[in-house]
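See below for the structure under consideration.
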Amino acid sequence: MSPLEMTRRAFSQVGIGALAWSAVSRSRVLGANDRIRLGFIGVGNRGSQLLDAFLKHEDIEVVALCDVYEPYLDRAQQKLPRKADTTIDFRKVLDRNDVDGVVIATPDHWHAIQTVWACRAGKDVYVEKPLSITVVEGRKMVEAARKYQRIVQVGTHRRSSKLYAQLYELVHSGKIGKVTVSRAYRLSNMYPKGIGKAAPSAPPPGLHWDLWLGPRPERPFQETIAPYKFRWWDLYSSQMANWGVHYLDAIRWLTDELAPSSVCAMGGKFAVDDDRTIPDTMEAVFQFASGRLAIFGQYEASGAPALAQGELELRGTLGAAYIGGRVFEIIPERGGQFQDPRPRMEPIRVEVPAGENDMTVDHARNFLDCMRSRQLPNADVEIGHRSTTCSLIANISLAVGARLEWDAEKERFTNNEEANQMLHYEYRKPWSLD
């Protein structure tokens with residue numbers, strides 16, 4: 001039977017229960033001098049970048065590569081100091097006794113199944129953001145990590161940034177006062193053609209299309225979907241999740257927030273004429289019970305800067321903080337109407353020398369260290385789930401055209417049952433999280 005045929009028929013023969021390995025029997029205790037043996041699942045765009053980052057650490061060995069697009073496997077193989085086994089079927093990676101952990105950088109709709117099954121197989125997991133494509137998936141991933149006692153690091157790599165950590169200490173100590181508004185944006189002028197238009201066609205050589213689709217509905221291949229442009233299709237991803245989760249995660253961290261109490265998103269396909277099923281213009285406003293707003297805007301018909309500087313803005317009562325990849329700056333606030341106009345603090349500027357703030361390399365290091373120590377990583381799966389949830393509920397708000405009230409404990413909306421129906425979807429058989 002071919003790997004493609006196995007995708008559809010193997011489960012009916014062996015059953016999912018046969019894949020429910022014991023995490024205890026399939027994992028090993030890593031000694032201080034043991035090399036960590038990794039399998040990479042998804043080695044395309046971000047997966048290739050992660051492979052580069054992990055290879056900078058001398059205590060790892062890549063023993064397996066997996067991708068449903070075979071040219072990516074060939075490219076990844078060329079980066080390795082010694083050849084790894086290759087496969088198009090991630091289950092073959094999980095079934096290996098010589099794999100301690102997996103690095104997952106597949107399209108978003110695959111993250112949950114692959115992470116849950118990896119935990120069940122006794123593998124630790126580094127999984128790219130967004131963690132999941134539904135809120136229910138994210139919670140199942142957290143439950144699997146806890147049940148099987150696995151380390152699961154989510155690829156929100158700013159959590160391993162020394163620069164962001166310094167800003168956190170300043171914000172946490174009250175240096176910039178009460179933060180009432182935080183803002184970040186995804187900016188790219190894709191007008192007029194965007195991702196383009198394409199008719200259904202045969203997949204390119206080496207792309208195993210049915211495996212790429214996985215739990216999503218069967219449909220013909222289209223070159224404006226894969227290998228990369230799935231980011232603009234709501235069945236497989238979204239830019240609110242792809243980019244928004246980075247900044248919403250940073251905002252949650254810097255302001256010590258767990259989850260918003262409500263969200264309202266607006267937008268649409270206003271200018272770009274392409275095959276996308278997500279907006280070219282969208283803005284989401286999140287309100288927190290503590291008394292602050294977080295704003296994320298996805299502007300893909302306008303690329304002009306939206307902030308005074310940097311990639312993220314925190315507006316405090318004493319100062320406004322702006323942070324980028326290597327520097328943050330705090331600009332003093334002055335009293336406004338009816339207030340003392342003098343500066344309320346001294347300006348602060350912190351810069352990290354070039355080459356000393358590779359967040360992806362540092363994030364990989366943190367994951368590897370936690371594989372040894374069994375301590376929770378910087379971007380533990382619960383953290384990644386909460387941040388991804390922000391993006392997902394924003395997409396739901398846009399879909400139903402309503403401001404939604406969110407119960408973070410029950411992970412349900414309290415004012416819109418139609419929105420609750422969008423917290424998960426029915427997988428195409430034979431795929432399952434069970």
N/O donor-acceptor pair under 3.5 Å between N415 side chain and E405 backbone
yes
Strictly distance-based, threshold 3.5 Å: is any side-chain N or O of S391 a donor or acceptor partner for the main-chain N or O of M240?
yes
Would K162 and D362 pass as an ion pair if we require N to O under 4.0 Å?
yes
I'd like to know if D407 pairs up with R412 as an ion pair, taking the criterion as any Lys NZ or Arg NE/NH1/NH2 lying under 4.0 Å from an Asp or Glu carboxylate oxygen.
no
Mind telling me whether W209 and F221 have parallel, tilted or perpendicular rings, with 30° and 60° as the class edges?
perpendicular
Measure centre to centre between the rings of F286 and F288, then say whether the value is under 6.0 Å.
no
Would you say the rings of Y185 and F296 are close, in the sense that their centroids are separated by under 6.0 Å?
no
Are N378 and H363 close enough, and set up right, to give a side chain to side chain donor-acceptor pair (under 3.5 Å), and what steps lead you there?
CA-CA 8 Å; N378 291 340; H363 209 46; 5.0 Å; no
Using modelled atom types and a 3.5 Å cut-off, is there a donor and acceptor pairing between side-chain atoms of D234 and backbone atoms of I278?
no
Exam field: side chain Q77 to backbone L73, donor-acceptor pair closer than 3.5 Å:
no
Distance-only polar pair, side chains of T360 and Q49, donor-acceptor under 3.5 Å:
no
If the plane angle is over 60° it's perpendicular, under 30° parallel, otherwise tilted; pick one for Y425 and Y427.
tilted
Polar contact flag, side-chain donor to acceptor under 3.5 angstrom, S237-N242:
no
So, the side chain of S173 versus the backbone of L170: is there a donor-acceptor pair under 3.5 Å, distance only?
yes
Can you say whether the rings of F230 and W212 are parallel (under 30°), tilted (30 to 60°) or perpendicular (over 60°)?
perpendicular
Does a side-chain N-to-carboxylate-O contact under 4.0 Å join D274 and K269?
yes
Under-4.0 Å salt bridge between D59 and R372
yes
Indicate yes or no for a side-chain donor-acceptor contact from D67 to the backbone of V43 under 3.5 Å, with no hydrogens or angles considered.
yes
Can F54 and Y126 be said to form a side chain to side chain contact (heavy atoms under 4.5 Å, CB included), step by step?
CA-CA 11 Å; F54 275 90; Y126 183 114; 3.7 Å; yes
